[in-house]
Each structure stands twice: as structure tokens, then as C-alpha cells.
Asks: 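Provided herewith is a single structure, encoded as C-alpha cells, for subsequent inquiry.
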Amino acid sequence: MCIRTSLVRRAALAAVILLLQACAGSPREAADTLRQTAHGPVHGADDSATNGTLSWKGVPFARPPVGALRWRAPAEPEPWVEVRQTTRFASACKQTGRLYGPGANNRYDETIGSTLGQPLGDEDCLYLNIWQPAKPAQRPRPVIVWVYGGSNITGHTADPVYDGANLARSADAVVVSVNYRLGIFGFLNLAPLKTGNKLDDSGNFALLDIARALEFVQANIAAFGGDPGRVTLMGQSAGAVNVYALLTSPMVVSRSQPLFHRLVALSGGISTAATLPPGALPVVPAPAVLVARGNALLEASLVADGSAADEQAARAAVAARSPQQLAEYLRAKPANTLLETVRTRLAPRGLAAASVIPDGWVVATDPIAAIRNGRYLKVPVLAGTTRDEVKLFPALFAIRPDLGGSSGRLLDDAKVFALAHRYRPEEPPTTKIEDWVPPQYRPLDAPKTGFNARSDRLNDLWFLALRDDVLNALKSQQPEVWCYQFDWHSLPKPFDEIYGAAHTFDLPFLFGNFGPSLYANISFTRGNEPGRLALSRAMMDSLGAFAHRADPNHVGLGARWQPWPARLVFDASAEAARIAPR
């Protein structure tokens with residue numbers, strides 16, 4: 001889509017700068033944080049005294065996807081002339097509250113524990129955040145665009161782990177974090193919504209949001225000191241799925257100018273069942289599953305509001321209405337009502353997940369096959385996994401008898417949050433393994449049946465199978481593929497065994513953020529501080545080197561990144577980083 005900057009808005013910006021310099025209490029601050037985007041001027045915050053950066057939070061990159069724009073590709077924002085204050089995070093996208101927030105206040109606080117299962121956030125959520133080092137640069141800095149995880153049903157950029165200030169300063173890069181639509185608002189394959197527009201019809205609204213944010217970066221990041229020719233797209237978990245989807249997207253590949261130039265994908269993959277070993281867990285479901293989810297939302301909505309007595313009547317009601325009538329019906333539904341239908345009627349049937357939809361344009365029909373055939377955006381790739389990914393998800397032992405057949409966690413999310421939020425790690429332990437792990441998975445190190453063996457087995461079938469599938473495919477086409485394994489598990493007891501190096505536990509190290517967050521109180525102590533800070537510096541330096549030069553190797557690492565299938569293991573003692581190839 002075309003992005004234009006009018007002479008009127010340029011003149012308005014010049015007038016505003018003069019006004020701010022004449023009237024503001026801190027003229028230098030006003031000038032330093034006033035920027036012109038293609039849509040209008042924004043005024044950010046000068047945090048140079050506290051964290052060495054300038055920041056802009058809540059910058060719109062698309063129109064609110066509400067009303068007639070719900071379940072459509074994102075449109076460019078309406079232009080504005082008056083200076084927009086961009087000093088606070090925008091609302092999280094609409095979602096149902098989970099252990100990871102956003103809580104009632106769009107931040108990490110005690111309300112997360114009391115909003116589990118409740119509708120949170122707002123459909124008006126397509127905003128991004130920018131951090132720029134305050135120190136002058138000789139040339140434009142590389143850009144790192146962050147895409148959060150959360151199973152594509154939860155997540156928000158205001159999570160304190162994702163604050164970009166420390167990474168921007170350490171990596172000497174401009175860091176951008178992006179909100180994108182979640183759950184049924186981000187991914188929905190439903191025939192009545194299809195109109196012949198292949199973007200809208202793809203159902204991949206979340207991916208289109210991320211692509212739209214990348215277009216914003218290409219058009220505007222130079223005003224924030226960034227180099228639009230050196231953009232690293234970085235995602236973790238569901239965010240990794242999404243960035244791999246864009247790497248292999250025919251829509252992205254067909255562009256004359258690339259949207260990004262390096263890729264960082266952490267703890268995720270992009271496989272269908274066709275390319276995985278038997279029993280492994282794909283992240284791209286079969287088309288029939290995606291159709292069933294969409295139909296279930298429509299039919300369950302008709303039953304929930306009394307328009308139909310049961311599912312059979314709902315199917316008859318759908319058949320009797322035109323696609324336009326059905327689309328208008330769903331778009332008129334309040335977001336909270338739809339989320340409640342998902343929670344109460346779809347989740348019990350296993351139809352509440354959100355996944356990329358292999359429509360053939362926004363998402364390749366078979367992304368791994370696309371890579372092996374050279375039909376993807378050929379850019380350097382840096383991947384990562386944690387040693388104990390699935391120790392964050394032991395409830396999933398219940399999905400199959402060969403994994404144990406029952407949950408590996410005794411505490412529900414409310415109890416986990418209450419304990420983690422108030423925990424005092426410097427004091428003697430106030431919880432024990434028996435409070436967390438059911439007896440059938442103890443002792444933890446029992447061969448085959450213990451918690452560790454079950455975790456390792458699920459990890460092999462899930463994260464490691466996905467990692468190997470995509471990295472082997474990439475390696476068949478290009479040499480620039482690297483991978484790390486995060487092994488740090490120096491948590492206070494008993495969390496060193498309950499969680500270890502679990503999924504997401506590498507993120508505080510990559511962002512340099514060890515302050516208050518979900519797992520901070522059960523992870524970080526004065527005793528493990530020297531080693532983890534040294535490890536964090538090494539990881540941020542590697543990410544910075546990759547963003548700058550498309551190669552994670554850098555002076556001072558003390559080890560050499562070798563291309564995949566080699567891995568670099570990141571670990572630390574209490575006093576120092578321990579980094580070695582494997």
C-alpha cells in the first residue's frame with residue numbers, strides 16, 4: 001500500500017518544533033523526541049538519564065481493526081497533524097487472561113492473578129514501540145523488530161521482559177516491538193468472511209499485522225535513527241512460528257524489496273505433519289482442523305445467543321443465511337461475547353487454539369517444502385532453543401499415554417501466579433517438589449517414567465523436532481544458519497528442577513531485563529547475579545553482532561559460532577558465563 005507524506009504535515013511539524021522549543025520546559029528533550037512519520041508527528045520520551053535511550057510507545061501502524069475492519073487486512077492509519085504523545089504502551093490486543101498477563105492494567109502486577117479467564121485488552125491495539133540509543137551514531141543503526149509469543153492467543157508488548165531499552169543500548173540498535181491480533185481475531189478460517197480478496201480471505205490477520213508493521217518500519221524507521229536496509233525480524237514461541245511463516249510467505253517473497261534482512265527464531269518452527277517424524281507435533285494444523293474451528297465459532301455463537309437451539313439448528317441457520325448476513329452477524333458481536341463463546345463452548349471441544357492458516361499466499365501451503373524448493377526469503381537465520389522447553393508445559397503429559405497420560409503439574413495457574421508473584425528467593429525455600437509434581441512422575445530422575453524423562457520425550461517430539469525440521473531445510477539451501485541452546489538453570493531450589501532451563505527463560509537474558517516479571521522471583525538471586533549478567537551480555541552481544549553484520553560471532557565471546565547442525569551452548573556458573581560449542 002502507498003505511504004505518502006504531505007507538504008502540509010511537514011509544515012505543521014516545523015511549526016510544532018518551533019513551538020515546543022519556545023515553550024517546553026526542556027526544549028532539548030522536546031526536539032530530541034519529536035519525529036515525523038508518514039502519518040503524522042509523534043513525541044516520545046527522553047530516558048537517557050535512566051536507561052540511555054529515547055523511546056516512542058503506542059505509535060499507530062494501522063487503523064483500529066474494529067467494526068467493518070474486523071477480520072480484514074490492516075489498513076494504513078488515518079493521518080494526523082497535531083503532535084501525538086507516544087509515551088505509554090497501547091492496550092494489549094483482545095485476549096483471554098492467562099498466566100502471562102496482561103492483567104487489568106496492561107502491565108505485570110497482581111491483577112494478573114485475578115483476571116485469569118477474563119476478556120482483556122482491546123481490539124484497537126495495532127501499535128508499536130521504538131527504542132533508540134540516546135548516544136549519537138555515525139551511521140543509521142540496525143533495527144530489531146520483536147514479535148512476542150503466547151500460543152497466538154495471548155501476549156502483549158508491555159510485558160516488562162520485552163522492554164527494549166537495555167537491548168537497544170547494548171546492541172547499539174533500534175528496537176521495535178509490535179502488537180498483533182490474537183486468537184479468533186488474528187486467525188480465522190471461515191467461508192462467510194471470504195470475498196475474493198486474497199489478503200482478507202487468508203484468515204491470517206495476525207501475520208498481516210506484522211507485515212504491516214514491517215512496512216511501517218521500512219517507511220519510517222530512518223526518522224528514529226534506524227537503517228531500513230538492516231532489519232532483523234525476531235520472534236519467540238508463537239512469535240517464532242509467525243516469523244518463519246513470513247520467511248516462507250509467497251506474499252513476502254514476491255515483493256521487489258524485502259521487508260527484513262535477517263531472521264531470529266527462538267523456540268518455534270513451521271512444520272506440517274507431512275515433514276515431521278511419526279508422533280511429532282506440528283504447528284501448522286491440517287486444513288480440516290482450521291475449517292472446523294471457524295465453523296464452530298459461528299455455530300456456537302448462534303447457539304449461545306439463542307438464535308439456534310442446538311448445533312444442528314445452528315447449521316441449518318447458517319445454510320439459510322447469505323455469507324454477507326453471516327459476516328455482518330459476527331462482526332456485530334461484542335469482542336468479549338466472542339471470547340466467552342470460545343472459552344466456554346470451543347475450548348471444551350479442543351477448538352480454541354489459534355494457528356497459522358496455510359492459504360497458499362500469506363502462508364505457504366507447506367512451508368518446509370517451500371524452503372527445500374528455494375521458495376522463501378533467503379536471509380541469514382539465527383535460531384535458539386532452551387534445554388528444558390517443556391518443563392513450562394508439563395500439563396501436556398496428558399495428551400497421550402506414551403507421555404504419561406495425565407498432567408505433570410499439581411498447581412493451577414492461579415496458584416502458580418500467587419506463589420511466583422510473592423516468592424522471596426533469598427530466603428529458605430517455602431515450597432517443595434512434592435507440591436508441584438504428581439507422584440506418578442516422581443522421583444524426577446526415574447528412567448522413562450520420571451518428570452525429567454517425560455519432559456525430554458515431549459521436548460523431542462515438539463520443540464526439537466520442529467527445530468531440526470526447519471533448520472535442516474534451511475541448511476540445504478544456504479550456509480548462514482546458526483543455533484544456540486540455552487542451558488542456564490541456576491535457579492534457587494526447588495525451581496532448578498521444576499523449571500530448569502524452561503521455555504521463555506532465555507528471554508530475560510536476551511533483553512537484559514531481570515526486574516519484576518512473572519518468573520523473576522523464582523529465578524534471580526544475588527548469588528546467581530554475576531554469572532547471569534555475564535551470560536546476558538554475551539547473548540545480547542551475539543544478537544547485536546547478528547543485527548549489525550548478519551553473523552553472531554563477535555570479539556570477546558570466547559567461543560566460535562559454527563553453522564548448524566552445530567550449536568553454541570549458553571550457560572553460566574554463579575560467577576561467569578560458560579559458553580561452548582556442541
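Just so it is clear, the structure is predicted and the values come from calculations on it, not from any experiment. Side chains included, hydrogens not; waters and symmetry mates left out as well; all remaining heavy atoms used.
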Asks: Under 3.5 Å, side chain of Asp388 to main-chain N/O of Lys391, donor-acceptor pair present?
Replies: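 Side chain of Asp388 to backbone of Lys391: no pair is present.
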Asks: Apply salt bridge (charged side-chain N to carboxylate O under 4.0 Å, His left out) to Lys333 and list each qualifying residue two or more places apart in sequence or on a separate chain.
Replies: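 Result, salt bridge (charged side-chain N to carboxylate O under 4.0 Å, His left out) vs Lys333: Asp305.
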Asks: Could you tell me whether a side-chain N or O of Asp122 sits under 3.5 Å from a main-chain N or O of Ser91, the two making a donor and an acceptor?
Replies: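 Such a contact is absent between Asp122 side chain and Ser91 backbone.
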Asks: Could you walk me through whether Tyr148 and Tyr180 pass the ring pair (Phe, Tyr, Trp, His ring centres under 6.0 Å) test, one step at a time?
Replies: CA-CA 9 Å; Tyr148 52 71; Tyr180 61 93; 4.5 Å; yes
Asks: Before you tell me yes or no, could you show the steps for Val283 and Tyr244 under side chain to side chain contact (heavy atoms under 4.5 Å, CB included), namely the whole-Å CA-CA distance, both residues' side-chain angles and the distance that decides it to 0.1 Å?
Replies: CA-CA 11 Å; Val283 295; Tyr244 274 135; over 6 Å; no
Asks: Hey, is the main chain of Cys125 close enough, under 3.5 Å, to the side chain of Asn179 for a donor-acceptor pair?
Replies: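 It does hold such a pair.
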Asks: Any ring pair (Phe, Tyr, Trp, His ring centres under 6.0 Å) involving residues 446-470? Give me the pairs, sequence neighbours left out, ordered by first then second residue.
Replies: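 Checked against ring pair (Phe, Tyr, Trp, His ring centres under 6.0 Å) - neighbours excluded - the pairs reaching residues 446-470 are Phe393-Trp462, Phe397-Phe451, Phe463-His503.
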Asks: Does the side chain of Asp506 come under 3.5 Å of the side chain of Tyr484 through a donor N or O and an acceptor N or O?
Replies: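 Judged by distance alone, the side chains do pair up.
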Asks: Could you tell me which non-hydrogen atom of Pro282 sits nearest to which non-hydrogen atom of Leu466, and how far apart they are?
Replies: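 Closest pair (atom of Pro282, atom of Leu466, distance): CA-CD2, 4.5 Å.
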Asks: Classify the angle between the aromatic ring planes of Phe486 and Trp488 as parallel (below 30°), tilted (30 to 60°) or perpendicular (above 60°).
Replies: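 Aromatic pair Phe486/Trp488 classed tilted.
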Asks: Using atom types as modelled and distance alone, determine if a side-chain donor or acceptor of Thr111 lies under 3.5 Å from a backbone N or O of Ala104.
Replies: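 Answer holds: yes.
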Asks: Does Trp436 have any side chain to side chain donor-acceptor pair (under 3.5 Å) partners at least two apart in sequence or in another chain, and if so, which?
Replies: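 Checked Trp436 against side chain to side chain donor-acceptor pair (under 3.5 Å); matches are Thr431.
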Asks: Which side-chain hydrogen bond (donor to acceptor under 3.5 Å, both in side chains) pairs, counting each pair once, include a residue from residues 398-417, with sequence neighbours left out?
Replies: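 Output for this query lists Arg400-Asp402, Ser406-Gln440, Ser406-Tyr441.
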Asks: Counting C-beta onward and ignoring hydrogens, is there a side-chain heavy-atom pair between Gln95 and Ile153 closer than 4.5 Å?
Replies: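 Gln95 vs Ile153: side chains apart.
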Asks: Identify the heavy atoms of Leu167 and Ile144 that sit nearest to each other, and give their distance.
Replies: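 Closest approach of Leu167 to Ile144: CD2-CD1, 4.3 Å.
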Asks: Has Asp201 got a side-chain atom pairing as donor or acceptor with Gly196's backbone, closer than 3.5 angstrom?
Replies: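 Yes; at least one donor-acceptor contact below 3.5 Å.
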Asks: Cut-off 3.5 Å, no hydrogens considered: what does the side-chain donor-acceptor table look like for residues 315-323, sequence neighbours left out?
Replies:
from   : atom 1 : to     : atom 2 : distance (Å)
Ser322 : OG     : Gln325 : N      : 3.1
Ser322 : OG     : Gln325 : OE1    : 3.4

Asks: Once ring pair (Phe, Tyr, Trp, His ring centres under 6.0 Å) is applied, do any residues pair with Tyr376, and if so which ones, sequence neighbours excluded?
Replies: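 None.
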Asks: In sequence, state the C-alpha distance, the side-chain angles, and the governing distance for Arg107 and His156, and then conclude on side chain to side chain contact (heavy atoms under 4.5 Å, CB included).
Replies: CA-CA 9 Å; Arg107 64 171 185 263; His156 61 125; 5.8 Å; no
Asks: Would you check if the side chain of Asn152 reaches a backbone N or O of Leu182 as a donor-acceptor pair within less than 3.5 Å?
Replies: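 Side chain of Asn152 to backbone of Leu182: no pair is present.
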Asks: Looking at Tyr519 versus Tyr499, is the centre-to-centre ring distance below 6.0 Å?
Replies: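 Ring-ring flag for Tyr519/Tyr499: true, centres closer than 6.0 Å.
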Asks: Between Trp71 and Ile184, is there a donor-acceptor pair closer than 3.5 Å when you use the side chain of the first and the backbone of the second?
Replies: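 Flag set: sc Trp71 to bb Ile184 pair under 3.5 Å.
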Asks: Going by atom type alone, with no hydrogens or angles, which donor-acceptor pairs under 3.5 Å involve a side-chain atom of residues 266-275 and a protein atom two or more places apart or on another chain?
Replies:
from   : atom 1 : to     : atom 2 : distance (Å)
Ser267 : OG     : Glu389 : OE1    : 3.3
Ser267 : OG     : Glu389 : OE2    : 2.6
Ser271 : OG     : Asp469 : OD2    : 2.6
Thr272 : OG1    : Ala274 : N      : 3.2
Thr275 : OG1    : Asp469 : OD2    : 2.6

Asks: With sequence neighbours left out, what residues match Arg255 under side chain to side chain contact (heavy atoms under 4.5 Å, CB included)?
Replies: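 If we apply the side chain to side chain contact (heavy atoms under 4.5 Å, CB included) test to Arg255, skipping adjacent residues, the hits are Glu215, Leu259.
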Asks: Do the side chain of Arg375 and the main chain of Ile371 share a donor and acceptor less than 3.5 angstrom apart?
Replies: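 No.
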Asks: Can you run down the side-chain hydrogen bond (donor to acceptor under 3.5 Å, both in side chains) pairs that involve residues 356-368, sequence neighbours left out, and say none if there aren't any?
Replies: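 Listed once each, the pairs are Asn204-Asp359.
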Asks: Quick one: does any side-chain atom of Arg293 pair with a main-chain N or O of Leu351 as donor and acceptor, under 3.5 Å?
Replies: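 No; judged by distance alone, with no hydrogens or angles, the pair does not exist.
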Asks: Can a salt bridge be assigned to the pair Glu123 and Arg70 using a cut-off of 4.0 Å between side-chain N and carboxylate O?
Replies: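 Counted as a salt bridge, because a side-chain N and a carboxylate O are separated by less than 4.0 Å.
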Asks: With sequence neighbours excluded, tell me which residues meet side chain to side chain donor-acceptor pair (under 3.5 Å) with Trp564.
Replies: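 With sequence neighbours excluded, Trp564 shows a side chain to side chain donor-acceptor pair (under 3.5 Å) to Asn472, given in chain and number order.
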Asks: Evaluate whether atom CZ of Arg457 has more than 12 neighbouring non-hydrogen atoms of other residues, nucleotides or ligands under 6.0 angstrom away.
Replies: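 No, CZ of Arg457 has 12 or fewer neighbouring heavy atoms, counting only those of other groups under 6.0 Å.
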Asks: What residues, two or more places apart in sequence or in another chain, satisfy side chain to side chain donor-acceptor pair (under 3.5 Å) together with Gln324?
Replies: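 Checked Gln324 against side chain to side chain donor-acceptor pair (under 3.5 Å); matches are Glu328.
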Asks: Determine the minimum heavy-atom distance between Ser237 and Gly149, stating which atoms define it.
Replies: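 Looking at all heavy atoms of both residues, the shortest contact is CB-CA, 4.3 Å.
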Asks: Listed by chain and number, what are the side chain to side chain donor-acceptor pair (under 3.5 Å) partners of Asn129, not counting sequence neighbours?
Replies: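 For Asn129 the side chain to side chain donor-acceptor pair (under 3.5 Å) partners, ignoring immediate neighbours, are Thr157, Ser177.
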Asks: Can any side-chain N or O of Gln478 pair as donor or acceptor with the backbone N or O of Val379 at less than 3.5 Å?
Replies: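 The answer is yes, because a donor-acceptor pair under 3.5 Å joins these two groups.
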Asks: Ignoring hydrogens, what is the shortest heavy-atom contact between Leu120 and Pro102? Give both atom names and the distance.
Replies: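 In this case the closest contact between Leu120 and Pro102 is CD1-CD, 3.9 Å.
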Asks: I need the Trp146 CH2 to Tyr162 OH distance, nearest 0.5 Å.
Replies: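 Trp146 CH2 to Tyr162 OH: 5.5 Å, rounded to 0.5 Å.
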Asks: Could you check whether any side-chain heavy atom of Cys483 comes within less than 4.5 Å of a side-chain heavy atom of Leu471, counting everything from C-beta outward?
Replies: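 In contact.
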